[in-house]
Amino acid sequence: MKITILTLFPEMFSSFLDNSIIKRAIAKEKVSFDIVNIRDFTLDKNHRVDDYPTGGGAGLIMKCQPVYDALQSVKTENSKVLLTSPRGKTFNQAKALELSKEEHLVFVCGHYEGIDERINKYADELISIGDFILTGGEVPVMAISDSIIRLIPGVISEGSTDEESFNNGLLEYPQYTLPYEFNEDKIPDILFSGNHTAIDKWRKKESLKLTKKYRPDLFDKYTPNKQEQKLLKELESNETPKWEKEALEKGHKFIKK
């Protein structure tokens, strides 16, 4: 995949491209980046890329010409152009998976009070990361790019993304690592039982519980299957179910004391 980013502030992406998973993905040639400075395309004799709003108003608006010419210089028949905008649909995991399959993504980062309205028609899609205002589109583009790149096959270890939050409509189950006890909080014994069927069932139940508690909006849209319906009834009863008791009894020799 190739990701091209049109921005007034290319220096903002230096540390983003030189760290962690993104840096490794570039080294593995799973993704390449082209950071394009919109300022390089202005024809204004004073090298301006913005101007006051026509009709009056606060702030400055990015001009058509530099953005359009920058876009035309990078766009190909395989490009998908995305413009960060509060009008766009809110970005989510499903959209990240969809975009991870594209050959060439072109992001246009707005700034100041926005971009001249006439640029919108050159975008294939408007996209937003939420109902709040930032100073520019650079931070949203970094977040979106990070989310997409980690889904490209070979970027991170196989299976790491299978049960993450939002992949199946629910939040992810709790995760732990040693020590067994920290500040009097202990890792649930079921995770030491050695019974992977029971562990998977416990994790599913915890996933349902966390989603219902913290993201009722997601939970209300979710349709549980028969097994999940039973797990939800167990949550309501607040009692340790038979399958969990048996797993703990049989796996007692593995459980921390």
Side-chain angles (χ1 to χ4, degrees), residues 3-22 33-42 44 46-71 74-75 79-100 102 105-151 164-166 171 214-218 220-221:
I3 296 178
T4 300
I5 301 172
L6 309 187
T7 174
L8 294 175
F9 301 95
E11 65 276 6
M12 289 183 67
F13 292 90
S14 297
S15 59
F16 172 71
L17 300 179
D18 197 37
N19 281 284
S20 189
I21 290 172
I22 306 299
F33 277 87
D34 184 16
I35 311 299
V36 177
N37 192 339
I38 296 171
R39 297 179 192 275
D40 293 340
F41 292 85
T42 181
D44 185 274
N46 297 313
H47 307 292
R48 289 195 64 170
V49 293
D50 53 47
D51 206 344
Y52 297 104
T54 302
L60 295 166
I61 305 297
M62 290 174 63
K63 298 167 73 173
C64 280
Q65 177 273 314
V67 178
Y68 175 79
D69 284 354
L71 183 55
V74 301
K75 188 177 178 182
S79 301
K80 185 177 182 69
V81 179
L82 300 112
L83 172 62
T84 56
S85 168
R87 298 182 195 175
K89 291 184 179 180
T90 304
F91 183 73
N92 58 24
Q93 190 69 7
K95 176 58 68 173
L97 183 59
E98 176 188 321
L99 293 178
S100 72
E102 294 287 341
L105 296 176
V106 179
F107 289 99
V108 182
C109 301
H111 218 84
Y112 307 125
E113 287 297 311
I115 301 177
D116 188 299
E117 178 70 21
R118 291 166 290 184
I119 289 296
N120 286 342
K121 69 180 182 180
Y122 299 107
D124 295 309
E125 191 171 340
L126 304 181
I127 196 163
S128 169
I129 61 168
D131 297 338
F132 53 91
I133 305 300
L134 297 171
T135 55
E138 285 77 15
V139 170
V141 167
M142 289 183 209
I144 293 168
S145 297
D146 185 283
S147 179
I148 292 168
I149 291 167
R150 63 193 307 281
L151 294 175
E164 293 180 317
S165 293
F166 312 119
L171 295 179
Y214 291 105
R215 291 295 304 273
D217 57 318
L218 292 178
D220 290 342
K221 297 176 184 177

Inset, instruction - Give the intermediate values and the outcome of side-chain contact (heavy atoms from CB on, under 4.5 Å) for residues Met62 and Ile119. - result: CA-CA 10 Å; Met62 290 174 63; Ile119 289 296; over 6 Å; no
[X] (side chain) donor-acceptor with [Y] (main chain) under 3.5 angstrom:
X	Y	result
Thr84	Cys109	no
Asp116	Arg118	yes
Arg215	Asp217	no
Asp124	Val81	yes

Which atom pair, heavy atoms only, marks the closest approach of [X] to [Y]?
X	Y	answer
Asp44	Thr42	N-OG1, 3.1 Å
Ser85	Ser128	O-CB, 3.3 Å
Val74	Ser79	O-OG, 4.1 Å
Leu8	Arg39	O-NE, 3.2 Å
Ile35	Pro10	CG2-CB, 3.6 Å

Atom pairs and distances, side-chain donor-acceptor, residues 138-146, under 3.5 Å, sequence neighbours left out:
| from | atom 1 | to | atom 2 | distance (Å) |
| --- | --- | --- | --- | --- |
| Glu138 | OE1 | His111 | ND1 | 3.2 |
| Glu138 | OE2 | Thr7 | OG1 | 2.6 |
| Ser145 | OG | Val141 | O | 2.8 |

Inset, instruction - Not counting sequence neighbours, which residues clear salt bridge (Lys or Arg N to Asp or Glu O under 4.0 Å) with Asp18? List them please. - result: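 In terms of salt bridge (Lys or Arg N to Asp or Glu O under 4.0 Å), with neighbours along the sequence ignored, Asp18 is linked to Lys23.
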Legend entry - Non-hydrogen side-chain atoms of Val106 and Lys75 separated by less than 4.5 Å: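 Side-chain contact under 4.5 Å: no.
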Gap separating the [atom1] atom of [X] from the [atom2] atom of [Y], nearest 0.5 angstrom:
X	Y	atom1	atom2	answer
Ile38	Ile115	CD1	CD1	6.5 Å
Phe33	Ile3	CZ	CD1	4.0 Å
Asp50	Lys63	CG	NZ	8.0 Å
Ile5	Leu82	CD1	CG	11.0 Å
Leu71	Phe41	CG	CZ	10.0 Å

Inset, instruction - Can you run down the salt bridge (charged side-chain N to carboxylate O under 4.0 Å, His left out) pairs that involve residues 82-99, sequence neighbours left out, and say none if there aren't any? - result: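 Those involving residues 82-99 are Arg87-Glu117, Lys95-Glu98, Lys95-Glu125.
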Inset, instruction - Check step by step if side-chain contact (heavy atoms from CB on, under 4.5 Å) holds for Val108 and Tyr122. - result: CA-CA 10 Å; Val108 182; Tyr122 299 107; over 6 Å; no
Just list the side-chain donor-acceptor pairs under 3.5 Å for residues 51-58, sequence neighbours left out, or say none.
none

Side-chain donor-acceptor distances from residues 130-137 under 3.5 Å, at least two apart:
none

Inset, instruction - Quick one: list whatever passes ring-ring contact (aromatic ring centres under 6.0 Å, His included) with Tyr112, sequence neighbours left out. - result: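 In terms of ring-ring contact (aromatic ring centres under 6.0 Å, His included), with neighbours along the sequence ignored, Tyr112 is linked to no residue.
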